[in-house]
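Residue numbers begin at 1 in each chain, while the letters A, B, ... track the order of the sequences. None of these values were measured; they are calculated from a predicted model.
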Amino acid sequence: MAFGKVSVKNLTKSFGGADGKKTVIFENVTFDLPEGAVLRLTGASGCGKSTFMNVMSGLIKPDSGSVFYGNTDISSLSESEKDRFRAENIGYIFQTFNLLSPFSVIENVFAPLAFAGKLTKDYKEKALESLKKVEMGDFAAKMPYHLSVGQKQRVAIARVLFADPKIILADEPTASLDRASSELVKTTLLELNKSGKTLVLTSHDPIFDDVKPDIEFNLETGKIS
Amino acid sequence: MKYIFILKAVFHSIKHRKFSVLLSIFAISVAFAFLAAIGCVSFGLAATAVNSSLTFPLVVGPAGASDTTLVMSTLFNIDKPFGTLDYETAEKLAKDERVAAVFPIARSDSYMGIPITGVESTYISEISNGFEAIESGLKEDDIFGENGRNCVVIGSKTAARYEMKTSDTFFGSHGSVGDEDARLHDFEYRVCAILKAVNGPEDFAIFTSLSNVWKIHEHGHHHHENGEETEHTEGKITAVLVKTKNPVFTAALEREYSENGITSAADTAKTVRKLLTYMNKAEKAAGFFSYGTLFLVLTMVFVTILSSINERKREMALMRTLGIGRAPVSLMIFLESFFISAAGIVAGITLGHSLLVVFKPWIDFELGINLEPFFFTEVEIRGIFWTLAAGTALSFAAMGKIYRMNLVEETAKE
């Protein structure tokens, strides 16, 4: 099944404020994102880019509308089915706070699939291989607090490489990184995209300026191009 | 693998908050140790009291002595005796056809805080379980006979505590037990025999013959602490322990000897029941405070867990984002909370019983009870059950809170 194809239909989300007034984050958003395409979310900080990603992945319920992965409406899945779906099909990379502090670097790589009960026999070798691809093989046994922000980001990418998801959601993935680390992150993401992964990206980093998205959605204006 | 990860996350969180976790465990364990200790002590005291009441159903003492004073001063060696009565009372009781045996006792001197009680050889035969050691030439069934001059028979724990053996000698102090002003006598006692343990107050006692008690006082070393101080001239005793032929006779004799104006009498079983009722009340009150403390501590654990949920919302939201389900995430919270309650109980049981082992000699000696430090009383077992139940309920409440929460949405709103 082509889970990499994403169809967003009439998606609306608002949050109730402390004063009881509703703030609409996005309204009636509709687009089709083919498998292996790039969607770039733009807009100022706080306009709702992360919320849109969370709604896309089924973590936050929309007020109305649906998100289809292939023919599967994510909102029709039960909570545990959504969890398994995310663990197997969606890879997340955040600006910061990417790793789970109780687990070592290598455990962070395979933790999502371990919880989903989807580990293969050679999972340790594969996890180490993923870490080596982002030059973090020597840090496999370290705990997250031993790592710099850039190193944590690389581990998050190794986690995506290990899980081999259909869709990658990258939320300001290079915002806290130096030039070299940013280049590594960008190259890896584009390689993954070239290999057929659908990429949803938010970034203010000019390093991504030369990446031509298939769809650009500005959450401030609501314009889709 | 999933469960190893869950346990890792639980222990990481516990390690991360070790100070508050240790404090919670310590607080639960102290409350629990108290519960374990009062349960064990009151059970030991009750068991000793009941055993003693079975041996000597009736105690007769001088007029004016209360039931509790009579029983405590004679069977437990705790209270001071109240005045004296004539030896004839014992003789009269011995002749009564309702009486199976009488054991007159006279108390006045002490050694290292232990009362030295004057008794007849028949009393030693009655309470003893044989001898650990006995001087040669003495008859086991007539220990204070012809060769028993200046003799004392000591309990096994008295011997162990003061490292006494047969033929050792010591001087007694005249005056109240434990009285710092007590004066040394020039009367030298000799350890003639050491009793085998009977697991009762007798293990911490020193017995001599009635004639020795009278002899000491003939020498004129009378020291009057107050009006209640006993003075044993020839033919004076402190009390008579009586074995009756059946309980109906006990009640009748108690009535007769309480109403004659010369003596007072206590039905041991009735008095022990009364004491046990007070003890139960005290135990309940102590238990109430222990349960109250446990409840407060468990609430504190709950509040700490809730605040730790707030601190870790982002991490748990990340778990959810990565596809780690609500169930494992809430299970982590449950296990954390449950671990604290369970660890508190285990630490409390260990602490309580260890304290009982440490203080056993002191409790045995001061209260005259034979404590079983590893005995689990009903109070303690009930305590384990309720603490576990309350701990589990609070853990479920914390788990429920996290289960219902949309962590990602909550984090997004922040």
Tell me if the [atom1] atom of [X] is crowded by more than 12 foreign heavy atoms within 6.0 Å.
X	atom1	value
B:E378	CD	no
B:F26	CZ	no
B:H16	NE2	no
A:F31	CZ	yes

Note to self: Checking A:D83 now: which residues fulfil salt bridge (charged side-chain N to carboxylate O under 4.0 Å, His left out) with it, not counting sequence neighbours?
What the structure shows: A:R86, B:R320
Margin query: Can you confirm whether B:E315 sits close enough to A:P102 that some side-chain heavy atom of one is under 4.5 Å from a side-chain heavy atom of the other?
Written below: yes
Note to self: Contact between B:L322 and A:L100 at the side-chain level, heavy atoms closer than 4.5 Å - yes or no?
What the structure shows: yes
Next item on the list: Work out which heavy atom in A:A111 is nearest to a heavy atom in B:F5; give both atom names and the distance.
Entry: CB-CE2, 3.6 Å
Check: Between A:G48, A:A163, A:S101, which has the largest tally of heavy atom pairs under 4.5 Å with chain B?
Finding: A:S101
Item checked: Toward chain B, the part of A:I90 with a non-hydrogen atom under 4.5 Å -> neither
Item checked: Segment of A:E107 engaging chain B (4.5 angstrom heavy-atom cut-off) -> both
